[in-house]
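Read the structure below first, then the notes.
Numbered from 1 within each chain, the chains take letters A, B, ... in sequence-line order.
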Protein chains: 2
Amino acid sequence: MRADKRKKLERAGWTVGDAGDFLGLSVEERRFVEVKLALADGLRRRREDLGLTQGEVAKRLGSSQSRVAKMEAAHRTVTTDLLLKSLFRLGAGPEDVGRLLAPRPRRRAA
Amino acid sequence: MRADKRKKLERAGWTVGDAGDFLGLSVEERRFVEVKLALADGLRRRREDLGLTQGEVAKRLGSSQSRVAKMEAAHRTVTTDLLLKSLFRLGAGPEDVGRLLAPRPRRRAA
DNA sequence: GCAGTCTATGCCAGATCCGACATAGCGCAG
DNA sequence: CTGCGCTATGTCGGATCTGGCATAGACTGC
């Protein structure tokens, strides 16, 4: 649960400090980035579950394929605002988002 | 659970359709706005629990008192990005945020 | 190899947001 | 009423984000 996350961060254009893993980020920055990654992942999963292409999703969102690609990559030019709005437009509910952000609860194991 | 929310929306500068309550907002817009309101409330509660003034919080956030006031009011010039970053800087964790967004779980009543 | 489909990256102009400052409103002690 | 601490509102320049377009890359079937 490190190398993969690191890779994600880099692909997202975060230019993470090479050797120092992402210790260069303060606690709050790290948390924020994780929120973004979680939402981005949620968006991609939702799209795939719906069996849609990025282009189709873009149409539904009133955006472009390139923007959707960046959303899913949690690129730094993408805000949580955009991710949240997009998730909601794809039918997600507040609980879905809550689960994405805080995977802790673990609704009684199963 | 309507008039008060409506008031909040109006104070937040959302110019909600007068008579039509906020039915003028689409489902996803409404959900998004509620997320914002929830985060804003969370921020205010956190500040009050810490016994700080908006000015003091502003200092911790590297911002200004006016901006903090707008954050707490979920003003339209405030993004969820800003709210999330601020919450995290005030020590909130992902679970706290998750709870704010999806108050459903209800961790066994207590 | 080439075309077709899907996804990723770079760039831009217009829109939006951020922090800051000024100032107005509010509640309260003196 | 006046002053004082705190919060709310309006505005602005500079920073950041957004959608769109162009194009590059990855993968598949032919």
Side-chain angles (χ1 to χ4, degrees), chain A residues 4 7-16 28-29 32-33 35-37 39-90, chain B residues 4 7-16 28-29 32-33 35-37 39-90:
Chain A
D4 57 326
K7 202 181 118 222
K8 258 186 189 170
L9 285 170
E10 287 174 346
R11 304 192 83 255
W14 281 101
T15 55
V16 177
E28 63 266 19
E29 283 172 325
F32 179 68
V33 171
V35 163
K36 245 165 101 164
L37 289 175
L39 294 177
D41 274 9
L43 187 64
R44 167 160 305 185
R45 244 179 274 127
R46 188 158 278 268
R47 173 175 68 81
E48 293 174 342
D49 287 354
L50 292 173
L52 300 174
T53 68
Q54 290 182 343
E56 292 170 322
V57 167
K59 212 165 194 177
R60 289 203 192 186
L61 300 181
S63 183
S64 57
Q65 180 269 323
S66 64
R67 214 93 248 290
V68 173
K70 280 162 190 163
M71 288 183 213
E72 294 186 353
H75 191 271
R76 86 180 156 308
T77 66
V78 167
T79 61
T80 56
D81 277 55
L82 187 59
L83 290 171
L84 286 171
K85 283 180 190 163
S86 300
L87 278 166
F88 287 145
R89 274 212 228 205
L90 290 188
Chain B
D4 55 327
K7 201 181 117 222
K8 259 187 186 170
L9 285 169
E10 286 174 346
R11 304 193 82 254
W14 280 102
T15 53
V16 177
E28 64 266 21
E29 283 172 325
F32 178 68
V33 171
V35 163
K36 246 165 99 163
L37 288 175
L39 294 177
D41 274 10
L43 187 64
R44 168 161 305 187
R45 245 180 271 128
R46 189 158 278 268
R47 173 176 68 81
E48 292 175 342
D49 287 353
L50 293 173
L52 300 174
T53 68
Q54 292 182 343
E56 292 169 324
V57 167
K59 211 165 193 175
R60 290 203 191 186
L61 300 181
S63 183
S64 57
Q65 179 270 322
S66 63
R67 213 92 247 291
V68 173
K70 280 161 190 162
M71 289 184 212
E72 295 186 351
H75 191 271
R76 86 181 157 309
T77 66
V78 167
T79 61
T80 56
D81 275 54
L82 186 59
L83 290 170
L84 286 171
K85 284 180 188 162
S86 300
L87 277 166
F88 287 146
R89 274 213 227 207
L90 290 187

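No side-chain heavy atom of Leu84(A) sits less than 4.5 Å from a side-chain heavy atom of Lys36(B). The closest side-chain heavy-atom distance from Asp41(A) to Leu37(A) is not below 4.5 Å. Counting only heavy atoms from C-beta outward, the side chains of Met71(A) and Ser63(A) approach each other to under 4.5 Å.
Helix-axis bend for the helix from dG1(C)-dC30(D) to dG30(C)-dC1(D): the local axis fitted to the five terminal pairs at one end deviates from that at the other end by 30°, rounded to 10°.
Within residues 61-71 of chain B, the residues that have a heavy atom under 4.0 Å from DNA chain D are, in order of number, Gln65(B), Ser66(B), Ala69(B), Lys70(B). Of the residues in residues 44-55 of chain A, those with a non-hydrogen atom less than 4.0 angstrom from any atom of DNA chain C are Arg44(A), Arg47(A), Thr53(A), Gln54(A).
Here dT5(C) presents its P atom at 12 Å from CD of Glu56(A), a figure rounded to the nearest Å. Across the protein-nucleic acid pair, Lys59(B) atom NZ and dC21(C) atom P stand 13 Å apart, rounded to whole Å. In this structure, the CG atom of Asp81(A) is 11 Å from the P atom of dC17(D), given to the nearest Å. As a whole-Å value, the separation of His75(B) NE2 from dA8(D) P is 12 Å. The CZ-P distance, from Arg76(B) to dC17(D), rounds to 20 Å in whole Å.
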Distance-only check: which donor-acceptor pairs under 3.5 Å involve side-chain atoms of residues 49-58 of chain A, not counting sequence neighbours?
unit_1: Thr53(A); atom_1: OG1; unit_2: Gly55(A); atom_2: N; d: 3.4
unit_1: Thr53(A); atom_1: OG1; unit_2: Glu56(A); atom_2: N; d: 3.1
unit_1: Gln54(A); atom_1: OE1; unit_2: Gln65(A); atom_2: NE2; d: 2.8
unit_1: Gln54(A); atom_1: NE2; unit_2: Glu72(A); atom_2: OE1; d: 3.1
unit_1: Glu56(A); atom_1: OE1; unit_2: Thr53(A); atom_2: N; d: 2.8

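How far CZ of Phe32(B) is from CG of Leu82(A): 9.0 Å, rounded to the nearest 0.5 Å.
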Short N/O separations, protein against nucleotides 28-30 of chain D, under 3.5 angstrom:
none

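Of all non-hydrogen atoms in Leu43(B) and Ser86(B), the two that sit nearest each other are CD1-CB, 4.0 Å.
The main-chain N or O of Thr80(A) is found under 3.5 Å from a side-chain atom of Asp81(B) such that the two form a donor-acceptor pair.
Side-chain polar atoms of Thr77(B) and Arg67(B) form a donor-acceptor pair below 3.5 angstrom.
Between dC17(D) and Thr79(B), no contact under 4.0 Å exists linking OP1 or OP2 to a side-chain N or O.
Considering only residues two or more places apart in sequence or on other chains, Arg46(B) meets the salt bridge (charged side-chain N to carboxylate O under 4.0 Å, His left out) condition with Asp96(B).
With DNA chain D read from its 5' end, the first of the two nearest nucleotides for Glu72(B) and Lys85(B) is the one closest to Glu72(B).
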